[in-house]
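By convention here, the first residue in the shown sequence is residue 1.
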Amino acid sequence: MTDRDVVCLLVLSMVFALTFALGDPGSLLAREILVSPGDGALAGAIAGAAPGDTLRLSAGRYDGGIVVDKPLTLQGEDGTVIDNHGQGRVLSVAASGVVLRRLTVRGSGVDHAEIHAGIYLGAAARETLVEECRVEDNLFGIAVQGASGVILRRNRIANRNDLWLNNRGNGINVWNSHGSRFEENRITGGRDGIFITLSSRNLIRGNHFDHLRFAVHYMNADRNEVRDNVSRGNTIGFALMYSNRLTATGNLSVGDRDHGILFHTVHHSELADNAVLHGAGKCTFVYTSAGNLIHGNWFEGCGIGLHFTGGSERNLVYGNAFVRNHNQVKYTGTVFYEWSRDRRGNFWSDNPAFDMNGDGLADLAFKPNDLVDRVVWRYPLAQLLLASPALQTLRIAQGRFPALYPGGVIDSWPLMVPPPPPPLLIGEREGGA
């Protein structure tokens, strides 16, 4: 090998080393372009930019109807507003690797079929990052339609509330997206906070939801995780439906009207370390759902702590706290269900139990429902007779003859003290959630 060959090899090695160290060689040529408001200014800047460029948008108002069709960063500042004046989609992404940061995006149209959204991510918008944006006064806030690997974080989304509820759009609407993350967003107004369907391996974490129909709404979306979210004052907090292998952990529902958590046709999933407080209806409703783990949850101050029915079998329910609910459990079938695991049951605030051996477990099994409950559920007007001699006699007879008990929950190892409260519940009690 000649000296010239050695020099050429050294030069090539340095080029390859720089390429791997710095990434795409084209990124070395990326520019920062300052964009000022004006008619067609943003569309013109996008057309003239090269892949990898950053467009820094000065404060002011820009026309919407924009399509980002190459990997660019659009970075705004306080007062940077993109407005489409009630027409169509405001900002659409049709390329991978786009970054949208610190923009206010508003003024979409109201066509559901066309998915008029503040920010629309089509199938080509893979690995798009949208962060610290304000998305307001749109039909849909951010629509993820076929784009995977997307990250939406620390955005504030406030959809239109002046429409009839069924005509409103969702804060984040997700369809056919896989491996995406939706984190630390605040969503208010519109229909549902996050609606997700036909999508898998996604993470919904640390979001806050209020004044919505459903905070989180799953339909036919398997292998997803819903963690550390807060739902406050919605019709339903977490509506997890027709999905398998979900993980719902560490979430908090406060004052959600109908259900804090709804498990509807969900199988082989885990519901753990969640807290539901002060719901007028049911803390949790489990319907036609089987093979699930339900443990470490805190159900407090609801009309019904946990209502399960409709073929909800083979669920392991243990280590939960049922605290001061009007009815701790509602089950209208005739089958008996054991709610404990490995000699560990649940805590029941209305269990008048003793622990003579000091092992932390009640000395007797606990049955949260009796025949009187069954009569009242089937014939609501019977509540007027709760203090009558007839119903009192029924309760006494049932105590003397346990065979009279209807089917339902039996906790053979009830806890004498509640399990540790979930972290978000501690924060709520301290005023920090």
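Put simply, the side chain of D69 never gets that close to the backbone of A94: no donor and acceptor are under 3.5 Å apart. Judged by distance alone, the side chain of D256 and the main-chain N or O of G233 form a donor-acceptor pair under 3.5 Å. S180 contributes no side-chain N or O that, together with a main-chain N or O of N202, makes up a donor-acceptor pair within less than 3.5 Å. Without hydrogens or angle criteria, S289 side chain to F263 main chain gives a donor-acceptor distance under 3.5 Å. Of the possible donor and acceptor atoms, none in the side chain of D228 sits under 3.5 Å from a partner among the backbone N and O of G206. Between the side chain of D273 and the main chain of T249, no donor-acceptor pair closer than 3.5 Å is present.
By the 6.0 Å contact criterion, CZ on R154 is enclosed, its count of non-hydrogen atoms from other residues, nucleotides or ligands being greater than 12.
The existence of a salt bridge linking R344 and D342 is excluded, since no basic side-chain nitrogen approaches an acidic carboxylate oxygen closer than 4.0 Å. In this structure, R106 pairs ionically with E136, as a charged nitrogen and a carboxylate oxygen lie closer than 4.0 Å. Using a cutoff of 4.0 Å between basic side-chain nitrogens and carboxylate oxygens, D78 and R102 are scored as salt-bridged.
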What do the steps show when you test L415 against L361 for side chain to side chain contact (heavy atoms under 4.5 Å, CB included), and what is the final call? CA-CA 5 Å; L415 306 177; L361 303 174; 3.7 Å; yes
Side chain to side chain contact (heavy atoms under 4.5 Å, CB included) assessment of H112 paired with F140: CA-CA 8 Å; H112 273 264; F140 292 89; 3.6 Å; yes
Could you check D210 against T188 for side chain to side chain donor-acceptor pair (under 3.5 Å), going step by step and ending with a plain yes or no? CA-CA 5 Å; D210 63 85; T188 185; 2.8 Å; yes
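Ring centroids of F238 and H259 are separated by 6.0 Å or more, keeping the two rings apart. For an aromatic pair to be called close, the ring centres must be under 6.0 Å apart, and Y331 with W339 fails this.
Considering CG of D222 and CZ of R201, their distance stands at 11.5 Å, rounded to 0.5 Å.
Between A321 and P419, the closest heavy-atom pair is CB-CD, 3.9 Å. Of all heavy-atom pairs between H307 and K330, the closest is CD2-O, 3.1 Å. Nearest heavy atom pair, residue R168 against residue L139, reads C-CD1, 4.0 Å.
The aromatic rings of Y287 and F285 are tilted relative to each other, their planes meeting at an angle between 30° and 60°.
H264 pairs with exactly one of F308, Y242, Y218 by the ring-ring contact (aromatic ring centres under 6.0 Å, His included) rule, that one being Y242. Of the residues listed (R227, R153, R205), the one engaging E183 in a salt bridge (charged side-chain N to carboxylate O under 4.0 Å, His left out) is R205, and it is the only one.
Side chains of S412 and E338: a donor-acceptor N/O pair is present below 3.5 angstrom, by distance only.
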